[in-house]
**Q** 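My structure is below; once you've seen it, I'll send some questions.
Below, chains carry the letters A, B, ... as their sequence lines are ordered, and counting in each starts from 1.
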Protein chains: 2
Amino acid sequence: MNITLKQLRAFIAVSRTGSFTLAAESLFITQSALSGLIKELEQALGLRLFDRSTRRIQLSEVGRNIYPLIDKILDDLDGVLDEVSKLKALRKGLVRIAAPQLMASTLLPEVIAAYGVAHPEIEIRLVDCAVESVVSRVFSGEVDFGVGPERDSNSEITATTLFELPFVAVFPPGHALAGQHEVSWADLAEHPLITLQGQFTERLAVDLGSAPRSRALEPHTSVAFMSTALSMVNAGLGVTICITYAASLVRLYRLEMRPLVDPQVTRRFYVFTRNNRSLSPAAQSFRDFLFRYVAEHAGFGE
Amino acid sequence: MNITLKQLRAFIAVSRTGSFTLAAESLFITQSALSGLIKELEQALGLRLFDRSTRRIQLSEVGRNIYPLIDKILDDLDGVLDEVSKLKALRKGLVRIAAPQLMASTLLPEVIAAYGVAHPEIEIRLVDCAVESVVSRVFSGEVDFGVGPERDSNSEITATTLFELPFVAVFPPGHALAGQHEVSWADLAEHPLITLQGQFTERLAVDLGSAPRSRALEPHTSVAFMSTALSMVNAGLGVTICITYAASLVRLYRLEMRPLVDPQVTRRFYVFTRNNRSLSPAAQSFRDFLFRYVAEHAGFGE
DNA sequence: GATATTCATCTGAAAATCCGATAAATCGAT
DNA sequence: ATCGATTTATCGGATTTTCAGATGAATATC
C-alpha cells in the first residue's frame, strides 16, 4: 500500500478541523471514507497519527511533528498547480505594447522576433504612437504596458528604467565630421542640424543648459519623424542627433554615428505600467523578456 | 480527476529516463499503465508535459519548468517518510520525564545511561521537580510521562506501578545501630531522626498508624532534600530513613542501611501517563525499558 | 523496404474506493 | 444511573479505477 495525496489531504483536514465529520465535509467525502483514509495512512506509516476517542481528536506526538511538513508539501503542490495554470495561460496570449514610432521600428521588432522563437503562441501587438500618448494609452488600458522616454510622472503609472543611452551625431559617410572619433556639441554647431519636433529636442535643450554650446540646437530644419530626418541626412541636407538604440535604423540608411560629448548627455527610457493592475502572464513574460534582452545586449545597437 | 502521487512519480521517472519503457521498469509497472498515468496527468493539467514521437521523448516548455518543483515535492515527501521511519525505528527522538529530585539523582540517571547504550540517538530529558508537581507536569503535556510515589488519582492520568520498596534506616558507620541486621521503628525512636518535609513523612505516619511506634517519626530535624539529610547523617547529627532505591546515593555518602521492620512498610512508585494520549515511539520505548530495567534489577540498590 | 524499437490503445480481470447503514463508544442532561 | 445525541469504526455491496498483456501505429536504422 502506497501513500496517496488523498490520505495526506485527509490528514491535514482532520488536523485542522479536529473532527472526522467536519473534515469529511470539507473534503466532500463521507465520514467513513475519511476514516478509512486515515486508517490507511496510519497503517502505511506504522503508527498512530491521532489519539482519538469517539469524542475527542488530538494529534499524536509524531503527528504534531509531521503536520507542518505535510502541510508545506501540499502547499507547494498547490503552488505548482498555480504555476502550471499560469504557464498554460502563457501559452496563448496577447500582449499589447505602446511605443514611440522610432522605438517601434528599431528595438522592439528585434525583441519581439527573439521572443517569438520561444513563445510562438503569444501574439505581440505593437502600437506605434506619438511619444506623448504612450503613457495615456497605458492609462486607458488600451495597451498592457508602454515603452518610452521620461514623461510627467503620474501616481497611476509606474515607470521602471529600461535603459539609459547616450546621444550620437549622425551624418553621411565622407562628411566633414567623419574624421573624428567623438563629436562635441560645439562641433555640431558648425553644421546644419535637423532635429525632431516636440519634447525630444526641448528636453535636450534643458539638459544642455544655457551654455553657449546649446546654440548647437538651433535647428536648421525640424521634422516629425526620425526616418524623415535620416532621409534628409542621407541626402546631404545636414546632420542629426539620435540615441544609440536607433542604431539599426541608422545603419539601414548607411549613415555614420559618433558619440556626442562635452558634455555626454544620456536619455533614459522607461517601461510604463499601470498601478493596481496586474499584467497578464503573457504580458508579464514579455516584459521580463524585454528587460533581460536589454540587459544582455547592453549597449545594443552600437 | 485529481492528481495523484503516482502520476507525479511517473512524470519524474519519464523525465529522468527519457523513455516510457525504462521509466515503467523503474517504477515496476507496465509501460501501458505508465502511458496512462502520464496521459491522465497531462489531462488534469490541461497541457502536454512531453513532446513525444514514438522515437524521442522530450520535456515540454512547461514540463521543464515544473520538473524541479515536482522533484522537490517528492523529495520532501520522501524526507518526511524517512523522518517518520526514523522516529519509529528510534533512530531519533526526545523523551521528557518528570521525576522527584531524589529519583532524578539515583534511579533515573542509571536507567538513562543504560538506555543510551542501545539508543544513542534518543535524547532523554529529565525534569527534576517537587514530588507534588510530577503529575501536573504530565497533565500539562510538559513531559511524556512522570515517575513518582502514589498521589491523588486523576481520571486523566493513568498510574502504573513501577516498583514497591521498603524503608530502610540510614546511619553512619560505627553507629549504635550498626550491629543489628534489622532495625525496628522502636529502635529508631532512640535516636535523633532527620526526616524529609512534606507528604513523604506525613504518609509514612499514616501507614504506621497511631501505634506507639509512630513516635519514632517525631522529627528531630526536618529538611527539604534527601541529600541534605544524608549529609547531616554523615556529620553524626542523627539517623534518617529512606527507600532502597536511593541506595546508590547512600553508598556515595558511605553510610549504612538496615531494613526497617516491625512493621515493614513499603512505598509504591508509579509511572504516570496521560490518558487519551499515545506516547511517542521513543517515549514508549524508554518506558518499556524502564519497567524491564526495574524488573531485572529487582531490589536494585540493595 | 525490412526490422526493431517505442509509444498509444484496447480489453478483461483484479483491486481499490466509495457509500450507506449500522455498531460501538462517549459525553452531557435529565 | 439512564437516556439521548454525537462521533468514530466497521461491514457489505456497487462502482470506479487500475493494471497487465496483446495489438496497433509510427519512426529511426540498416
**Q** Check the distance between dA16(C)'s C1' and E40(A)'s CD and give it to me in whole angstrom.
**A** 9 Å
**Q** On the nucleotide dT10(D), are OP1 or OP2 found under 4.0 Å from the side-chain N or O atoms that K39(A) carries?
**A** yes
**Q** Salt-bridged, D76(A) to K72(A), with N to O below 4.0 Å?
**A** yes
**Q** Which residues, if any, of residues 11-27 of chain B bring a heavy atom under 4.0 Å of DNA chain D?
**A** none
**Q** Please report the distance, rounded to the nearest Å, between CG in D51(A) and C1' in dT26(C).
**A** 16 Å
**Q** Quick check with a 6.0 Å cut-off and a 45 degree axis cone: is R274(B) positioned over the face of F139(B)'s six-membered ring?
**A** yes
**Q** In whole angstrom, what separates L37(A)'s CG from dA9(D)'s P?
**A** 12 Å
**Q** Could you state the CZ-P distance from R48(B) to dC7(C), rounded to the nearest angstrom?
**A** 13 Å
**Q** Side chain of A33(B): nearest nucleotide among dT8(D), dA20(D), dC19(C)?
**A** dA20(D)
**Q** Please determine if K39(B) and E42(B) form a salt bridge, counting it only when a charged side-chain N lies under 4.0 Å from a carboxylate O.
**A** no
**Q** I'd like to know if D144(B) and R125(B) make a salt bridge, using a cut-off of under 4.0 Å between side-chain N and carboxylate O.
**A** no
**Q** Is a donor-acceptor pair below 3.5 Å formed from side chain S32(B) to base dG21(D), judging by atom type as modelled?
**A** yes
**Q** Return the value, rounded to whole Å, for the distance between atom CD of Q7(B) and atom P of dC19(D).
**A** 10 Å
**Q** How close or far is atom P of dC19(D) from atom CZ of R9(B), stated in whole angstroms?
**A** 14 Å
**Q** Reckon K6(B) has a side-chain N or O less than 4.0 Å from the OP1 or OP2 of dT17(D)?
**A** no
**Q** Taking only N and O in the side chain of T30(B), is any of them less than 4.0 Å away from OP1 or OP2 of dC19(D)?
**A** no
**Q** Closest approach to the side chain of I29(B), judged atom by atom: which nucleotide of dA8(C), dA20(D), dT10(D) is it?
**A** dA20(D)
**Q** Could you give the CD-to-C1' distance, from Q58(A) to dT8(D), as a whole number of Å?
**A** 16 Å
**Q** Is any side-chain N of the basic residue among K92(B) and E121(B) closer than 4.0 Å to the acidic one's carboxylate O?
**A** no
**Q** Nearest whole angstrom, please: distance from the C1' of dA26(D) to the CD of Q31(B).
**A** 14 Å
**Q** Ring pair (Phe, Tyr, Trp, His ring centres under 6.0 Å) with F145(B): which residues, sequence neighbours excluded?
**A** none
**Q** In degrees rounded to 10°, what angle is found between the helical axes fit to the five outermost pairs at each end of the helix from dG1(C)-dC30(D) to dT30(C)-dA1(D)?
**A** 30°
**Q** Does a donor on one side chain sit under 3.5 Å from an acceptor on the other, for D51(A) and S60(A)?
**A** no
**Q** For F50(A) together with F11(A), are the ring centres under 6.0 Å from each other?
**A** yes
**Q** Is D82(B) salt-bridged to K86(B), going by a charged N under 4.0 Å from an acidic O?
**A** no
